[in-house]
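In what follows, a single structure is set out as structure tokens and then discussed.
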Amino acid sequence: MDIVIRPVQAEEYEELGEITARAYLDDGLLDFGESDAYLGELRDVAKRAAAAEVLVAEERGRLLGGVTFVPDGGPMADIAGPGEAEIRMLAVDRAGRGRGAGEALVRACVERARALGCERMVLSTQASMHAAHRIYERLGFVRTPERDWNPVPHLDDLTLLTYELTL
């Protein structure tokens, strides 16, 4: 298996947006399903690419998934501050799972953060994203419960868990 991690190309925005949206929908990660407001954010790869770095995992010309890398507390950061880079919207197509694409995407983000001289890599994740948690923990990320937060305060049960990796 030869997975290549590279920046997304403009002609792939729609496809990656659909992979990301499907991953969240099919895994039951959106409280309101097809009517969830966050679905539009997941599909809007052009917006993400204009404000951060969007990477894709590709194998033999086929997109397997993608991630948004937010350097040094950039405009797409949810929790990153100065000296921190953030991972957002990691998603792998169901057909491409279990092949190392998710881990390769996270490793690429860590490498970019190190190259930029960041002190830490941070991320938020839902409690039910167990496969992602295993990737993060395998790569040395640790839970930071003091940074857990709720992006939609009127929904009491939507606390995002946070992790960090000291670089």
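For this chain, numbers begin at 1 and follow the sequence in order.
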Open item on the list: Please report the interatomic distance CZ(Arg6) to CD(Glu58), rounded to the nearest 0.5 Å.
Closed with: 4.0 Å
TODO: Taking the side chain as every heavy atom from C-beta outward, state whether Glu164 and Met121 have any atom pair closer than 4.5 Å.
DONE: no
Task: Donor-acceptor under 3.5 Å (Glu86 side chain, Val122 main chain) - done: no
Open item on the list: Would Leu55 and Val8 count as a side chain to side chain contact (heavy atoms under 4.5 Å, CB included) here? Give the steps.
Closed with: CA-CA 5 Å; Leu55 303 174; Val8 68; over 6 Å; no
Task: Nearest-0.5 Å distance that lies between atom CD in Glu59 and atom CG in Asp93 - done: 11.5 Å
Open item on the list: Between Leu90 and Tyr136, is there a side-chain heavy-atom distance shorter than 4.5 Å?
Closed with: yes
- [ ] Determine, using ring centers only, whether Tyr163 and His133 are less than 6.0 Å apart.
- [x] yes
TODO: Could you tell me whether the side chain of Arg48 and the main chain of Leu42 form a donor-acceptor pair under 3.5 Å?
DONE: yes
- [ ] Could you pull out the closest heavy-atom pair between Ala23 and Arg97, with the gap in Å?
- [x] CB-NH2, 3.6 Å
Task: Steps toward side-chain hydrogen bond (donor to acceptor under 3.5 Å, both in side chains) verdict (Thr162, Thr144) - done: CA-CA 5 Å; Thr162 60; Thr144 51; 2.6 Å; yes
TODO: State whether Lys47 and Glu41 are salt-bridged, where the test is any N-O pair (Lys NZ or Arg NE/NH1/NH2 against Asp/Glu carboxylate O) under 4.0 Å.
DONE: yes
Open item on the list: Just checking Glu14: does its CD atom have more than 12 heavy atoms from other residues, nucleotides or ligands closer to it than 6.0 angstrom?
Closed with: no
- [ ] Check for a donor-acceptor pair, side chain of Glu12 on one end and backbone N or O of Gln9 on the other, with a separation under 3.5 Å.
- [x] yes
Open item on the list: With a 4.0 Å cut-off on N to O distance, would you call Glu15 and Arg43 a salt bridge?
Closed with: no
Task: SB check Glu111 Arg107 (cutoff 4.0 Å) - done: no
TODO: Keeping the roles fixed (side chain from Arg114, backbone from Leu167), state whether a donor-acceptor pair exists under 3.5 Å.
DONE: no
